[in-house]
Every structure is written in C-alpha cells, then in structure tokens.
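Structure, as structure tokens:
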Amino acid sequence: MKKIKIKLNKNPYRGILTEIATEQGVSPQAVWNAIYRDRNPRILTILAQKISKRKQIIRKIKRELECS
C-alpha cells in the first residue's frame, strides 16, 4: 500500500479535505478515512485532481512573480 506523502494540513493543501467534504456532503473525518484508511478510489481521484490544480496555480503565480 502506497503512503500519501503530501501533508494535507500544510499550505498550500490545507482545506482540500474540507472542500471535498463539503462537495460530497460528508464530514472532513469521513473524507480522511476514505483517503487514509479505506483508499477509496473515487475520493483519491478527486484529491489528486485538487492537488494538481493547486500545483498549477502555484506554478502560475511563481511565473507571474518572476516576470514582475
């Protein structure tokens, strides 16, 4: 079983569990269990999409700051 190495309680990933919980209509603890305990593929897919979106945002901001 592969362990998730990204700390979701640190910036810029803080809040992803809450976002997923709000979208799914469940508690953040239920999302945490689905990710770390149950390895739910649907929730893991949503998590991966949100993480990649955050990484894109970070890259865009860095590019904009370098050009300024």
Side-chain angles (χ1 to χ4, degrees):
M1 204 181 287
K2 191 173 181 181
K3 198 170 187 182
I4 297 173
K5 294 183 181 183
I6 294 174
K7 292 191 182 248
L8 297 175
N9 61 346
K10 302 288 184 186
N11 281 331
Y13 306 110
R14 181 179 295 156
I16 289 179
L17 295 181
T18 306
E19 283 180 30
I20 295 172
T22 303
E23 291 170 3
Q24 301 298 314
V26 296
S27 69
Q29 184 64 43
V31 174
W32 189 93
N33 287 338
I35 292 169
Y36 290 101
R37 191 187 71 196
D38 303 333
R39 303 286 187 199
N40 184 316
R42 182 175 58 85
I43 300 297
L44 288 172
T45 303
I46 295 169
L47 176 66
Q49 290 171 348
K50 290 193 176 287
I51 288 173
S52 67
K53 183 161 175 102
R54 299 259 174 124
K55 286 182 179 180
Q56 288 175 356
I57 291 169
I58 291 167
R59 280 194 298 267
K60 181 181 175 189
I61 290 171
K62 283 183 179 179
R63 271 189 263 124
E64 288 176 1
L65 289 174
E66 288 172 358
C67 293
S68 295

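These figures come from a predicted structure and were not determined experimentally.
Here Asn33 pairs with Gln29 under the side chain to side chain donor-acceptor pair (under 3.5 Å) rule; sequence neighbours left out. Remark: Glu19 pairs with Lys50, Arg54 by the salt bridge (Lys or Arg N to Asp or Glu O under 4.0 Å) rule, at least two apart or across chains.
How far CD1 of Ile20 is from CD1 of Ile43: 6.5 Å, rounded to the nearest 0.5 Å. Atoms CZ and CG, from Arg63 and Leu65 in turn, are 11.5 Å apart once rounded to the nearest 0.5 Å. Taking CD of Glu23 as the start and CD1 of Ile46 as the end, the distance is 7.0 Å to the nearest 0.5 Å.
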Counting only pairs under 3.5 Å, give me each side-chain donor-acceptor contact of residues 6-18, with atom names and distances, residues two or more places apart or in other chains.
unit_1: Arg14; atom_1: NE; unit_2: Asn9; atom_2: O; d: 3.2
unit_1: Arg14; atom_1: NH2; unit_2: Asn9; atom_2: O; d: 3.2

Using distance only, find each side-chain donor-acceptor pair of residues 55-62 under 3.5 Å and give its atom names and separation, not counting sequence neighbours.
none

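Of the possible donor and acceptor atoms, none in the side chain of Asp38 sits under 3.5 Å from a partner among the backbone N and O of Asn40.
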